Amino acid sequence: MSRSAHPAGPRYADVLPEGHYSGPPTDLNTLDPKVWARTVGRNTDGVATVGGLEVTRLAEEFGTPAYILDEDDFRARCRAWAEAFGADADVFYAGKAFLSRAVVRWLHEEGLNLDVCSGGELATALDAGMPADRIAFHGNNKSPEEIERAIRAGVGRIVLDSFQEIVRVAHTARELGVRQRVQIRVTVGVEAHTHEFIATAHEDQKFGIPLAGGQAAEAVRRALALDSLELIGIHSHIGSQIFDTSGFEVAAHRVIGLLRQIRDEHGVELPEIDLGGGLGIAYTPADDPREPHHIAKALHEIVTRECESAGLRTPRISVEPGRAIVGPTAFTLYEVGTIKPLDGLRTYVSVDGGMSDNIRTALYDAEYSVALVSRTSDAEPMLSRVVGKHCESGDIVVRDAFLPADLAPGDLIAVPATGAYCRSMASNYNHALRPPVVAVADGAARVIVRRETEEDLLRLDVG
Ligand code: LLP
């Protein structure tokens, strides 16, 4: 396509208030390692590569849109978390971020545990051979069938989320002749500085049992009185995409306050404390996440200090990172379809996917970055909005980004940091076919979740 057929749209200098920005992006070609998976780079022709494979080849072989996942990066992040927390702590990968059989096998091989929150996730974990005692089962409304399946499978812990569930799990465990290990999830009243829909420890919400008003202490009382339950600890998850450990500090302080109350009232020191997941990642180069060893050090210090001052033995800590492990390891590869410059506003760049493969921008106002990956370009930066092909004006993948002004249909662009909560929240809206997940390792690519087909859609439509 010639450039004149696709006018460049407003120029950077025309649309940005003077003095407001330090200047246009000087280089649109560099793939910032802050947001791209570890093995991503460009070859001498300017084509982006991952694990040594050119994205143009991946697009030819697997089609677009596609999630491209760097397996080496995933495994390295698993090891970094496991090593940072050490032998006296447990890392549970939160499967809701993204789960598939291959992911379960990688977790198993790298020595991580797994947090599942539905029968489907449990089935995937068991099918791929995760030992049941390394699985934690979560959820605020587990069905009786899910509870039974989890107990029969022998899951290592069930995280109890309500008074009804204490009774349901105790009843099913008794029927099956099992003493089920459980934790109680409490809400500690912390307002995590994140989007309202992904903050989970303030009191006015559906998860957990509030510490406030003595409800959590009452839940502990009931659980301790039931023979078929072995209460191993207290669980707290304060939210997602959090950069700062101060929320965890308050949560640990309050959870340990409950542990002290339990010790004083029941003479029991619960051996475990789970601080949940929620550690943030870089979606754009402006984000500054902390490394696992910093987080581990901070959490260990907080828990040790709080326990010392409460006169308690330090419990075993567990954490449940999802996004921080898988998020940075993948990018979504799209082909540019149409380009519409709107005078004085911005240029709309439509790709062959959209809100069906990444709902996070529409749902949480999430920010992403984007780059031209099938070639480099020295053209001027063009203020762009990357949108999908759905029948909805909120179908935005990247709200504000700069792409080179010579962008043309057929170019490949990619959105980094889409490993978490993109494929796992993908939908068939407008009967879109959910993209495949292609794992790249050792210079080879393989499909770990295949692309949906029209036959898949029609198979469910039995009318
Ligand atoms: N543990 C529990 C009990 C959780 O509820 C969650 C996330 C995690 C661990 C993992 O959190 P992570 O480390 O991945 O932030 N769809 C939203 C995120 C919802 C998270 C729900 N629970 C998003 O796309 O941002």
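On a predicted model such as this, the values are computed, not experimentally measured, just so you know. Counting convention: from 1, in listed order, for ligands and their atoms alike.
Taking 4.0 Å as the cut-off between side-chain N and carboxylate O, Arg360 and Glu367 do not count as a salt-bridged pair. Remark: Asp456 does not engage Arg451 in a salt bridge, criterion side-chain N to carboxylate O under 4.0 Å. Salt bridge status for Arg181 with Glu272: present, with a side-chain N to carboxylate O gap under 4.0 Å. By the 4.0 Å N-to-carboxylate-O rule, Arg260 lies too far from Asp264 to be salt-bridged with it. At a threshold of 4.0 Å, the pair Glu71-Arg75 counts as salt-bridged, since one of the basic side-chain nitrogens sits closer than that to a carboxylate oxygen. Using a 4.0 Å cut-off between charged side-chain N and carboxylate O, Arg101 and Asp127 make a salt bridge.
Heavy-atom separations between Pro321 and ligand 1 include at least one value shorter than 4.0 Å. At least one heavy atom of Gly278 lies less than 4.0 angstrom from ligand 1.
Within the set His138, Glu320, Lys96, the minimum heavy-atom distance to atom 4 (C) of ligand 1 is found for Lys96.
Checked by atom type and distance alone, the side chain of Lys34 pairs as donor or acceptor with a backbone atom of Asp287 at under 3.5 Å. Using a distance-only test at 3.5 Å, with no hydrogens or angles considered, a donor-acceptor pair links the side chain of Ser228 to the main chain of Ala170.
Contact atoms of ligand 1 toward Gly277: 1 (N), 9 (C), 13 (O) (distance under 4.0 Å to a heavy atom of the residue). Contact atoms of ligand 1 toward Ser240: 11 (O), 15 (O), 20 (C) (distance under 4.0 Å to a heavy atom of the residue). Remark: ligand 1 atoms within the under-4.0 Å shell around heavy atoms of Asp115 are 1 (N), 9 (C). Close approach of ligand 1 to Met425 is summarised as follows: ligand atoms under 4.0 Å from at least one heavy atom of the residue are 16 (N), 24 (O). Close approach of ligand 1 to Gly322 (heavy-atom distance below 4.0 Å) involves ligand atoms 12 (P), 13 (O), 14 (O).
At least one N or O atom of Tyr421 sits closer than 3.5 Å to an N or O atom of ligand 1. Polar contact with ligand 1: present for Arg323 (N/O pair, distance under 3.5 Å). In terms of polar-atom proximity, defined here as any N/O pair under 3.5 Å, Gln241 makes no such contact with ligand 1. Taking only nitrogen or oxygen atoms, main chain and side chain alike, Ala94 does not reach within less than 3.5 Å of ligand 1.
By the criterion of a heavy-atom distance under 4.0 Å, neither the backbone nor the side chain of Phe207 is placed next to ligand 1.
The residue from Arg185, Arg316, Arg157 that alone fulfils the salt bridge (Lys or Arg N to Asp or Glu O under 4.0 Å) condition with Asp274 is Arg157.
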